[in-house]
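For reference, the structure discussed in these notes is given below.
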Number of protein chains: 2
Amino acid sequence: MNKFLEEAIQEAKKGLQEGGIPIGSVLVLDGKIIGRGHNKRIQNSSAILHAEMDCLENAGRLSASEYKRATLYSTLSPCDMCSGAVLLYGITKVVVGENKNFQGPEEYVSSRGVSLEIINHEECISMMKKFIEESAILWNEDIGEES
Amino acid sequence: MNKFLEEAIQEAKKGLQEGGIPIGSVLVLDGKIIGRGHNKRIQNSSAILHAEMDCLENAGRLSASEYKRATLYSTLSPCDMCSGAVLLYGITKVVVGENKNFQGPEEYVSSRGVSLEIINHEECISMMKKFIEESAILWNEDIGEES
């Protein structure tokens with residue numbers, strides 16, 4: 001089991017405990033976690049704090065060379081916005097907990113040179129599946145879909 | 001002159017007065033401004049608060065149908081991250097102050113069904129050009145480039 005994906009799962013669980021959407025993320029540079037975050041749509045009434053965005057914000061202002069060496073971990077396949085942040089900063093590798101419950105623009109992101117590793121980790125899948133079943137309206141809002 | 005682009009320019013100027021990067025944005029729904037923002041990289045030491053993201057955050061949590069009716073105005077061509085936010089929420093129209101100093105993934109965004117209107121407004125061009133000339137390191141950081 002990937003220890004950094006495990007940390008992203010811990011972030012997702014923290015979000016769930018706060019009453020939020022259970023998606024978590026960590027940013028790893030040179031073998032160390034330098035940022036961590038989770039979806040804060042509900043907690044902060046935020047339209048932009050998806051887990052990956054919260055993680056990038058908490059990592060702070062990095063240099064281009066740091067982003068290029070970094071790996072972003074997320075429990076769920078990054079959406080258009082979060083994938084766009086990866087492309088903006090030239091992050092070269094993204095490890096995805098699962099893409100069964102939601103799939104972002106993976107083909108496009110790959111075509112722009114990002115290496116994507118899809119784990120399809122059972123805990124990521126089941127946690128997200130349960131949340132979507134129980135909170136479909138919130139989930140749809142988070143991905144810009146009509147309920 | 002487009003009155004909403006003028007409001008985005010006012011946001012960019014506010015950012016400049018705060019010592020920030022002069023890019024501004026407004027979100028318009030049914031003829032009214034419902035969110036406004038400007039780049040806050042410097043002011044908030046933020047890696048994610050580009051003008052469009054700040055604007056979307058300030059507009060608050062909207063329904064999918066509201067996003068679909070909305071138009072996003074930005075003084076500068078939206079980067080990968082901000083373009084991704086437009087795609088996530090299904091915003092159907094983006095009015096761009098200028099794309100001479102920087103051009104985001106306009107072709108891709110158009111291919112996903114977003115209508116882009118490029119104004120190339122003289123004040124947007126000159127304001128951004130001056131900032132980039134005077135603050136190249138900050139500007140490169142904002143677009144994920146090496147200095």
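Fair warning: this is a prediction, and the values are worked out from it, not measured in the lab. Each chain gets a letter, A, B and so on, in the order its sequence line appears, and its residues count up from 1.
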Let me confirm one number: the OH-CG distance from B:Tyr89 to A:Asp142, rounded to the nearest 0.5 Å. 6.0 Å
Does the side chain of B:Leu62 come within less than 4.5 Å of A:Glu141's, by heavy atoms? no
Heavy-atom side-chain proximity of B:Val86 to A:Met81 below 4.5 angstrom: no
Please report the interatomic distance CG(B:Leu49) to CD1(A:Ile48), rounded to the nearest 0.5 Å. 5.0 Å
Is there a chain of hydrophobic side chains (I, L, V, M, F, W, Y, each step under 4.5 Å between heavy atoms) that links B:Ile118 to B:Tyr73? no
Shortest non-hydrogen contact between A:Ala47 and B:Gly60, atoms and distance: CB-O, 3.9 Å
Side chains of B:Leu88 and A:His50, heavy atoms from C-beta outward: is any pair under 4.5 Å? yes
Identify which part of A:Arg41 has an atom lying under 4.5 Å from any heavy atom of chain B, answering side chain, backbone, both or neither. both
Engaged part of B:Ser45 at the chain A interface, taking heavy atoms whose separation is under 4.5 Å: both
What part of A:Asn44 gets within 4.5 angstrom of chain B, counting heavy atoms only: side chain, backbone, both, or neither? neither
Which heavy atom of B:Ile42 sits nearest to which heavy atom of A:Arg61, and what is that distance? CA-NH1, 4.0 Å
Verify same cluster id: A:Val95, A:Leu116 (apolar side-chain graph, 4.5 Å): no
For A:Tyr108 versus B:Pro105, what's the shortest heavy-atom pair and its separation? OH-CB, 4.0 Å
As an exercise, state the distance from NZ of B:Lys68 to CD of A:Glu146, rounded to the nearest 0.5 Å. 5.5 Å
Pick from A:Gly90, A:Cys82, A:Gly144: which one has the most heavy-atom pairs with chain B under 4.5 Å? A:Gly144
In the single-linkage hydrophobic clustering (I, L, V, M, F, W, Y; side-chain heavy atoms under 4.5 Å), do A:Leu56 and A:Ile33 co-cluster? no
Report the option among B:Ser65, B:Gly104, B:Gly84 that has the most heavy-atom pairs separated by less than 4.5 Å from atoms of chain A. B:Gly84
Which portion of A:Glu145 sits near chain B, non-hydrogen atoms under 4.5 angstrom: backbone
Does B:Phe102 belong to the same Ile/Leu/Val/Met/Phe/Trp/Tyr cluster as B:Ile132, with side-chain heavy atoms less than 4.5 Å apart forming each link? yes
Is B:Asn140 in contact with chain A via its backbone, its side chain, both, or neither, using a 4.5 Å heavy-atom distance? neither
B:Leu87-B:Leu72 co-clustered via ILVMFWY side chain contacts under 4.5 Å: yes
For A:Ser83, is it the side chain, the backbone, both, or neither that has a heavy atom closer than 4.5 Å to a heavy atom of chain B? neither
What part of B:Glu57 gets closer than 4.5 Å to chain A, counting heavy atoms only: side chain, backbone, both or neither? both
